[in-house]
Amino acid sequence: MANERYNAPEREKHWQKVWADAGIFAASNDYSKPKCYVLEMFPYPSGRIHMGHVRNYTMGDVLARYKRARGFNVLHPMGWDAFGMPAENAAMERRTHPGIWTYDNIGTMKAQLKSMGLSLDWSREFATCDVNYYRHQQKLFLDFLDKGLIYRKSSKVNWDPVDQTVLANEQVIDGHGWRSGAPVEQRELTQWFFKITAFADDLLNALDTLENWPEKVRTMQANWIGKSHGLLIRWALVNAPDGESELKVYTTRPDTLFGASFVAIAADHPLAKAAARNNPELAAFCEECRRAGTSVADLETAEKKGFDTGIIARHPFDSSWKLPVYVANFVLMDYGTGAIFGCPAGDQRDLDFARRYELPVIPVVAPPDADPATFAIGREAYTADGVMINSQFLDGMDTETAFETVANRLSEQQLGGTPVGTRTINFRLRDWGISRQRYWGCPIPVIHCEDCGVVPVCDADLPVVLPDDVTFDNTGNPLDRHPTWARVDCPQCGKPARRETDTMDTFVDSSWYFARFTSPHADTPTDIQAADYWLPVDQYIGGIEHAILHLLYSRFYARAMAEAGHLPPDMKEPFSALFTQGMVVHECYFQKTEDGKPIWLEPEKVHIEGEGGNRVATLVETGDPVCIGDIIKMSKSKKNIVDPDDIIASYGADCARWFMLSDSPPERDVIWTEAGVAGASRFIQRIWRLIGIVLEKGCEHSAQKPDTLCDEALALRRVAHKTVHQVGQNIEDLRFNVSVAQLYEFVNAVQSAASQEASQKGSGLDWAIREAAELLIQMIGPMMPHLAEECWARLGYNTLLAEHPWPALEEELLVDDTITIAVQVNGKRRGELTIATSASRSEIETAALKLEGISRVLEGKMPKKVIVVPQRIVNIVV
RNA sequence: GCGGGCGUGGUGGAAUUGGUAGACACGCCAGAUUUAGGUUCUGGUGUCGCAAGGCGUGGGGGUUCAAGUCCCUCCGCCCGCACCA
């Protein structure tokens, strides 16, 4: 028996069935138990799972299994982020329905996830395209609308004229639609918006409370929210069209007001539009501005250009000081007021602009160490703080004082009966436009009536169900083309009216799924008691690519849901800890065509020999040479993909899981290699053999702990219990790679103890080896659950390891009687000292000075100083 | 430009948060066993040196009894945002 290999694929299926039949991974509704909610970002059902999923879900599963063993009531659910454009595109290509494609994929991927042996509570599974999910999303929409958290406005959108749909900014590539390739147009459309800006300050401030989030994500969100303190200044205008008398300008640098040499407005600014009506040249310039500037490359190379409108602005502190008003291509309509005052000395863009149009450059802030009399601006603006110069009553002040002084003066100064300057806080964050002209999304539950306007669908009429009889043989939104679906009577006046045919952005679906998992079958969106118990998510795990959108939207949703009574009132942050895992990367292989273009090759088609820089790749079939490319993220286009199914079928899920946890720290990219998988597989067989050896030793499952233990036995117990302690701690800290290393080390220790022939009866070594083996199996349980379960049974247990508590530590074994520490002379290691752990400083010092190697180095010299850090180190200074 | 991160053997990476640098794994070398099939076992493996011993965590400088870890500075790489007034 012991010589047989462990047949992972076969035994894994067995244990998966046993777990499923026992139903042990369903979260309990016993709210008196301590809870732990472990969640990995749910997948989009694109077709098949990939190695990124394997890594993500393995990490979550290790934590879930570990927490369960530690006595927590664990919620570890899974679902599907199932609405979205790919399903519609697939429907168009395959002449099928998006729902059929989506649910097919879910079926496939669910089977794949099950083959990984994840401890998921499948009883809570849902897809966001299930009516029973999106009906509640519609209810949330209506309640948010009622609370004033949703509004409708006309806004500019990216419009793909071929696909007849709105595109998100991410879907516009170099000014062209990512799918159709058509030049994207800007269109004014009336859209629904979520008032995320109402929470801007809270979303920013609360970032400080998210201690268990990566610093990077918090910074990215803070930058995205983009809070700034400034002053709104009203400039009096002369010669403006339509008798316009003033222009509002937002600035964060009112201190530089005396350095102003022009005013600039965005091409879309109402004043610009008004001025352009009687000025074809200006109109053409504005049009040019609108067209440019979609791609990153454009922005980098774009020169600062402007057009003098002929309008004059009067300086707030001196009405005789007249500044030209330009339309400028670098002023954005949707930030601040769409208008700036240009201070060339203090802003690089303004300086570039001023040099081009030969406008004055007046230095107003001098560096603290510069001579104010001679300080001048050359090619670079001075943007840092300093001392005010050339600024009348501000001269000599520091930047901050000057800011305050200007703000105070302008708030007292009047223009047309109201203050010229108002202190303002400005955010970069925009409200979230959620209208999409697509079919495969959650219908927005409102009705448009000619008489009553926008009328919300009554609660009783929910859900607004997507019609199944739609066609995808044309572009645009199939809901618009449906003959009857949109026709409905107005709930208020009863006259014929029309349903909203836009659907919600799919980011809405994923903004509250974590809350729905806490009561997936409730008749209301959430069950407050369940939500109160389970939320927040204790550990959320997913990719960094969601650092802003998904994670910010979810934080907004938690607040909005609390306000609408769907979450406990004090619930704000949905995810108390966030972990962003690295990608799975793989070498890519290619051959070159005659014109030098690469033809990418699947890894299994390539054979590699040699090592390091001498590696040679050839085509398996023909032996033709193959080029080895970079190590990059697994992707279909580069074909550097390894299919999880293939690995699980030949090596088993435990092997894939173990490899994913080994070596690379979880936040860093992991390189998938054949050698690494083989190593993991060898380790599985090694554990299997080790258990065989332990069983042969003959120590019974039920054997009592002997009264006396030999030194070897005691030493093994010490190692075992220390390892249990450390592996547990490292799992909690998500340092899986370190846990893995400790387990390797432990297996080495157990194996070497087990191979000792000297273990006589009565020494207790047999018993200690048996204990160590059982502890080993319990420790690998969260990581390689099938192998562990199999070994657990082999060791004589007829209970499930998956239900077994984490081993209890014997604290006294964590501390050794003796310890070996380094002895340094002048900071260089010259010897080692093994001494009682409890030894005093003077005992350690005496023993260290007596060491042979030390006295030789000292050559009789008297030490000047001896530093003793008990249990750490001795350093003798001569 | 702004922000975040990283730099340790041939490779992935450890290092109790200032205390024996290179744990563990991969790879490689030598030997043993078996030699059909991702074998197994033993030993070695930072570097220079026959050795004693030097030198070693991107470079340089500093603090300290002691620095991979802290400070300054320079270099290199990766990621995110980007005309944000």
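Convention: sequence-line order gives letters A, B, ...; per-chain numbering from 1.
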Among [options], find the nucleotide with the atom closest to the side chain of [X].
X: A:Ala675; options: B:U20, B:C24, B:C26; answer: B:C26
X: A:Asn223; options: B:C65, B:A15, B:G3; answer: B:G3
X: A:Arg689; options: B:G19, B:C41, B:G12; answer: B:C41
X: A:Asn329; options: B:C83, B:C65, B:C26; answer: B:C83
X: A:Arg428; options: B:C84, B:C41, B:A85; answer: B:C84
X: A:Tyr335; options: B:G19, B:A85, B:A15; answer: B:A85

Atom-to-atom span, [atom1] of [X] to [atom2] of [N] - whole angstrom:
X: A:Phe659; N: B:U11; atom1: CZ; atom2: C1'; answer: 12 Å
X: A:Asp350; N: B:C83; atom1: CG; atom2: P; answer: 15 Å
X: A:Trp224; N: B:C81; atom1: CH2; atom2: C1'; answer: 8 Å
X: A:Met333; N: B:A85; atom1: CE; atom2: P; answer: 16 Å
X: A:Lys216; N: B:C6; atom1: NZ; atom2: P; answer: 11 Å
X: A:Leu257; N: B:A85; atom1: CG; atom2: P; answer: 17 Å
X: A:Phe683; N: B:U39; atom1: CZ; atom2: P; answer: 17 Å
X: A:Gln726; N: B:U16; atom1: CD; atom2: P; answer: 12 Å

Assign [X] to base, sugar-phosphate, or nothing according to its heavy-atom contacts below 4.0 angstrom with the strands shown.
X: A:Glu745; result: sugar-phosphate
X: A:Ser662; result: nothing
X: A:Tyr250; result: base
X: A:Ser664; result: sugar-phosphate
X: A:Arg735; result: sugar-phosphate
X: A:Thr337; result: nothing
X: A:Phe341; result: nothing
X: A:Val869; result: base
X: A:Asn426; result: nothing
X: A:Pro665; result: sugar-phosphate
X: A:Lys828; result: sugar-phosphate
X: A:Val823; result: nothing
X: A:Arg830; result: sugar-phosphate
X: A:Asn737; result: sugar-phosphate

Using Watson-Crick or G-U wobble geometry with both distances under 3.5 Å, which nucleotide pairs with [N]?
N: B:G19; value: B:C65
N: B:U35; value: none
N: B:C81; value: B:G1
N: B:A14; value: none
N: B:G43; value: B:C29
N: B:G7; value: B:C75

Would you measure the distance from the [atom1] atom in [N] across to the matching atom in [M] and give it in whole Å?
N: B:U57; M: B:C50; atom1: P; answer: 23 Å
N: B:A21; M: B:C6; atom1: P; answer: 23 Å
N: B:U40; M: B:G49; atom1: C1'; answer: 36 Å
N: B:C24; M: B:U35; atom1: C1'; answer: 30 Å
N: B:C41; M: B:U33; atom1: P; answer: 16 Å
N: B:G7; M: B:G12; atom1: P; answer: 12 Å
N: B:U20; M: B:U73; atom1: P; answer: 29 Å
N: B:A23; M: B:C77; atom1: C1'; answer: 27 Å

So do the side chains of [X] and [Y] get within less than 4.5 Å of each other, counting heavy atoms only?
X: A:Trp658; Y: A:Met783; value: yes
X: A:Arg355; Y: A:Leu351; value: yes
X: A:Tyr335; Y: A:Ser228; value: yes

Given [options], the one that forms side-chain contact (heavy atoms from CB on, under 4.5 Å) with [X]:
X: A:Val670; options: A:Arg55, A:Met51, A:Met583; result: A:Arg55
X: A:Trp235; options: A:Val325, A:Leu323, A:Val420; result: A:Leu323
X: A:Ile687; options: A:Arg682, A:Gln751, A:Met784; result: A:Met784

If the cut-off is 4.0 Å, is [X] near the phosphate of [N], judged by side-chain N/O to OP1 or OP2?
X: A:Asn748; N: B:A25; result: yes
X: A:Arg349; N: B:C84; result: yes
X: A:Arg682; N: B:C26; result: yes

So, A:Phe353 versus A:Tyr326, ring centres under 6.0 angstrom or not? yes
How do A:Thr820 and A:Arg668 order along RNA chain B: which one's closest nucleotide is nearer the 5' end? A:Arg668
First of A:Ser228 and A:Gln751 reached from the 5' end of RNA chain B, by closest nucleotide: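 Its nucleotide being nearer the 5' end, the pick is A:Gln751.
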Would you classify B:G59 as syn or anti? Syn applies when the glycosidic angle is within 90° of 0.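 It is anti.
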Is there a donor-acceptor contact under 3.5 Å from the side chain of A:Gln348 to the main chain of A:Glu380?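 The answer is no, because no donor-acceptor pair under 3.5 Å joins these two groups.
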Would you confirm whether A:Asn730, through its side chain, and A:Gln726, through its main-chain N or O, come within 3.5 Å as a donor-acceptor pair?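 Checked: pair present.
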Indicate, yes or no, whether a donor-acceptor pair under 3.5 Å links the base of B:C83 to the side chain of A:Lys304. yes
Pairing donors with acceptors under 3.5 angstrom, does anything connect the side chains of A:Thr197 and A:Asp431?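 Note: A:Thr197 and A:Asp431 side chains meet the donor-acceptor criterion.
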